[in-house]
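All values reported here derive from a predicted model rather than from experimental measurement.
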Amino acid sequence: MNISEAADRLSRELPCHRVEILQGRLTATPHADGTHALVLTWLITALYAAGARQEGLKYLQAIGLRLPSGPEDFAIPDLSLVESDYRDAHVEKNCFAPHIFRMVVEVTSSNWSDDLGTKVDCYAQAGIPVYLVADRRHDEVVLHTDPRGGEYRSRKAFKRGTSVPLPESLGVTLDLPVDRLLDGDEG
């Protein structure tokens, strides 16, 4: 059985887990908590209010991103901002080619080390322009931009009480409050 077959089998046997292959390593992460879901819901609302759809973008949860780090590698970001014609970049199963992704977002949970390490490398190698991590373990938000040569040239950490300005290159102008990215909607 190859690793892709093992991932499919694990997905069937652990239906409440997110299964990914990162740098040739099979990972399975349990579903996240309610705060995690609130963060994503709030972020989708903020992207909508900023006019992402009018700019030809879609914001999607849990779609696969084919990674160049290995022949069967893929990730399933918590949230992705993609080109509206993303369906034309379908590779296989629920995975899409990296070029349609403008931003990926991860909200840390039990797999925080992957979000802060392995996925930084994988997303940079894939050329994802913006990688945003709501790092609940370390109580900060990290913005990675400018992927070149397989690594992000810019890494900025933001603490509570500040906002994360999304790069204009995304096509939407938006400052995201760190507290909201860590805690979700206030009510």
Enquirer: Drop me the distance from Leu166's CG to Thr173's OG1, to the nearest 0.5 angstrom.
Expert: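 Taking CG in Leu166 and OG1 in Thr173, the distance rounds to 9.0 Å.
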Enquirer: Kindly work out whether a path of hydrophobic side-chain contacts (I/L/V/M/F/W/Y, heavy atoms less than 4.5 Å apart) joins Trp42 to Leu38.
Expert: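 Result: no, two separate clusters.
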Enquirer: Measure the CG-CG distance between Leu26 and Leu10 for me, rounded to the nearest 0.5 Å.
Expert: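 Rounded to the nearest 0.5 Å, the CG-CG separation comes out at 5.5 Å.
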Enquirer: Taking C-beta and beyond as the side chain, do Leu60 and Tyr86 meet within less than 4.5 Å on heavy atoms?
Expert: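 Answer yes - side chains close enough.
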Enquirer: Step by step, would you call Leu40 with Gln61 a side-chain contact (heavy atoms from CB on, under 4.5 Å)?
Expert: CA-CA 8 Å; Leu40 296 176; Gln61 293 184 54; 3.8 Å; yes
Enquirer: Flag the pair Val19 / Thr29 as yes when at least one side-chain heavy-atom distance between them is below 4.5 Å, and no otherwise.
Expert: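 Heavy-atom side-chain distance check fails, nothing below 4.5 Å.
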Enquirer: Compare every heavy atom of His31 with every heavy atom of Cys16, then report the nearest pair and how far apart it is.
Expert: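 Taking Cys16 first and His31 second, the nearest heavy atoms are O-CD2, 2.7 Å.
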Enquirer: Give a yes or no on whether Val130 and Val142 share a hydrophobic cluster (residues Ile, Leu, Val, Met, Phe, Trp, Tyr; joining criterion: side-chain heavy atoms under 4.5 Å apart).
Expert: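 No, Val130 does not connect to Val142 through the hydrophobic network.
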Enquirer: Can you find a pair of side-chain heavy atoms, one from Arg160 and one from Asp183, that are under 4.5 Å apart?
Expert: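 Contact flag for Arg160/Asp183 side chains = yes.
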Enquirer: So Tyr152 and Pro129, do their side chains get closer than 4.5 Å, heavy atoms only?
Expert: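 No, every pair of side-chain atoms sits at 4.5 Å or beyond.
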Enquirer: Give a yes or no on whether Ile100 and Val105 share a hydrophobic cluster (residues Ile, Leu, Val, Met, Phe, Trp, Tyr; joining criterion: side-chain heavy atoms under 4.5 Å apart).
Expert: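 Different clusters.
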Enquirer: Show the numbers, then the answer: is there a salt bridge (charged side-chain N to carboxylate O under 4.0 Å, His left out) between Glu83 and Lys58?
Expert: CA-CA 6 Å; Glu83 303 290 336; Lys58 303 274 187 191; over 6 Å; no
Enquirer: Can you tell me if CD on Glu5 sees more than 12 non-hydrogen neighbours from other groups inside 6.0 Å?
Expert: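 Check passes, neighbour count above 12.
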Enquirer: At what distance, to the nearest 0.5 angstrom, does CZ of Arg25 lie from OG1 of Thr27?
Expert: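 Reported to 0.5 Å precision, the distance equals 6.0 Å.
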Enquirer: Looking at Val39, Leu43, Val133, Val107, which hits side-chain contact (heavy atoms from CB on, under 4.5 Å) with Asp78?
Expert: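 Of Val39, Leu43, Val133, Val107, side-chain contact (heavy atoms from CB on, under 4.5 Å) with Asp78 is met by Val107 alone.
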Enquirer: Please step through salt bridge (charged side-chain N to carboxylate O under 4.0 Å, His left out) for the pair Asp121 and Lys119, ending with a clear verdict.
Expert: CA-CA 5 Å; Asp121 295 337; Lys119 287 186 178 182; over 6 Å; no
Enquirer: Looking at Gly24, is its backbone amide N or carbonyl O close enough to the side chain of Asp73 to form a donor-acceptor pair, meaning the two atoms are under 3.5 Å apart?
Expert: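 Confirmed, Asp73 side chain pairs with Gly24 backbone.
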Enquirer: Find the distance between CG (Leu81) and CG (Leu132) and round it off to the nearest 0.5 Å.
Expert: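 Nearest 0.5 Å value for the CG-CG distance: 11.0 Å.
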Enquirer: Relative to each other, are the rings of Tyr131 and His144 parallel, tilted or perpendicular (30° and 60° limits)?
Expert: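 Plane angle under 30°, so parallel.
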Enquirer: Quick one: do Leu22 and Val91 end up in the same hydrophobic cluster if we chain Ile, Leu, Val, Met, Phe, Trp and Tyr together by side-chain heavy atoms under 4.5 Å apart?
Expert: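 No, it is not one cluster - the side chains of Leu22 and Val91 are not joined through contacts under 4.5 Å.
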Enquirer: Using side-chain contact (heavy atoms from CB on, under 4.5 Å), reason through Leu176 and Phe158 one step at a time and then give a plain yes or no.
Expert: CA-CA 10 Å; Leu176 302 170; Phe158 298 85; over 6 Å; no
Enquirer: Can you find a pair of side-chain heavy atoms, one from Lys93 and one from Asp8, that are under 4.5 Å apart?
Expert: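 The answer is yes, as the side chains (C-beta and beyond) meet within the 4.5 Å cut-off.
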Enquirer: Nearest 0.5 angstrom please: Thr108 OG1 to Asp114 CG, how far?
Expert: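 Thr108 OG1 to Asp114 CG: 11.5 Å, rounded to 0.5 Å.
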Enquirer: Can you see whether Tyr59 has Arg102 sitting over its ring - NZ or CZ less than 6.0 Å from the centre and within 45° of the normal?
Expert: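 Negative - Arg102 is either too far from the ring of Tyr59 or too far off its axis.
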Enquirer: If every non-hydrogen atom of Arg18 is compared with every non-hydrogen atom of Ala62, which pair is closest and at what distance?
Expert: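 The pair with the smallest heavy-atom distance is NH2-CB, 3.8 Å.
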Enquirer: Enter the distance from Ser80:OG to Ile63:CD1 here, rounded to the nearest 0.5 Å.
Expert: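 Here the rounded value is 5.0 Å.
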Enquirer: So Gln125 and Leu67, do their side chains get closer than 4.5 Å, heavy atoms only?
Expert: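 Heavy-atom side-chain distance check fails, nothing below 4.5 Å.
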Enquirer: Salt bridge check: are Arg136 and Asp115 linked by an N-O gap of less than 4.0 Å?
Expert: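 Looking at Arg136 and Asp115, the cut-off is not met.
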Enquirer: Look at atom CZ of Arg9 and say whether more than 12 heavy atoms of other residues, nucleotides or ligands are closer to it than 6.0 Å.
Expert: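 No, because the 6.0 Å sphere around CZ of Arg9 holds 12 heavy atoms or fewer from other groups.
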Enquirer: Do you know the tightest heavy-atom contact between Phe96 and Arg87?
Expert: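 For Phe96 versus Arg87, the nearest heavy atoms are CE2-CA, 4.0 Å.
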Enquirer: Side chains of Asp33 and His36: do they bring a donor and an acceptor to under 3.5 Å?
Expert: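 No - no donor-acceptor pair under 3.5 Å links their side chains.
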Enquirer: Of all the heavy-atom pairs spanning Ala7 and Ile21, show the shortest one and how long it is.
Expert: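 Scanning both residues completely, I find the closest heavy atoms to be CB-CD1, 4.0 Å.
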Enquirer: Might you point out which heavy atoms bring His138 and Trp112 nearest each other, and give the distance in Å?
Expert: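 Smallest heavy-atom distance, with atoms named: CE1-CZ3, 3.8 Å.
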Enquirer: Answer yes or no: is there a donor N or O on one side and an acceptor on the other, between the side chain of Asp179 and the main chain of Gly161, under 3.5 Å?
Expert: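 Side chain of Asp179 to backbone of Gly161, a donor-acceptor pair under 3.5 Å: yes, one is there.
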Enquirer: Flag the pair Asp139 and Lys159 as a salt bridge only when some basic side-chain nitrogen lies within less than 4.0 angstrom of an acidic carboxylate oxygen.
Expert: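 No, no charged N to carboxylate O under 4.0 Å.
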Enquirer: Applying side-chain contact (heavy atoms from CB on, under 4.5 Å) to Val141 and Leu143, what does each step give before you reach the verdict?
Expert: CA-CA 7 Å; Val141 174; Leu143 179 67; 5.9 Å; no
Enquirer: Under a single-linkage definition using a 4.5 Å side-chain heavy-atom cutoff for Ile, Leu, Val, Met, Phe, Trp and Tyr, are Ile3 and Leu65 assigned to the same hydrophobic cluster?
Expert: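 They do not share one cluster, since no chain of ILVMFWY contacts under 4.5 Å joins Ile3 to Leu65.
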Enquirer: Do we see a donor-acceptor contact under 3.5 Å between the side chains of Tyr123 and Glu106?
Expert: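 Looking only at side-chain atoms, Glu106 and Tyr123 do form a donor-acceptor pair, the distance falling under 3.5 Å.
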Enquirer: So Arg66 and Glu92, side-chain contact (heavy atoms from CB on, under 4.5 Å) or not? Walk me through it.
Expert: CA-CA 9 Å; Arg66 177 60 67 195; Glu92 64 181 334; 2.3 Å; yes
Enquirer: Which heavy atom of Ile128 sits nearest a heavy atom of Pro98, and at what distance?
Expert: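 The pair with the smallest heavy-atom distance is CD1-O, 3.8 Å.
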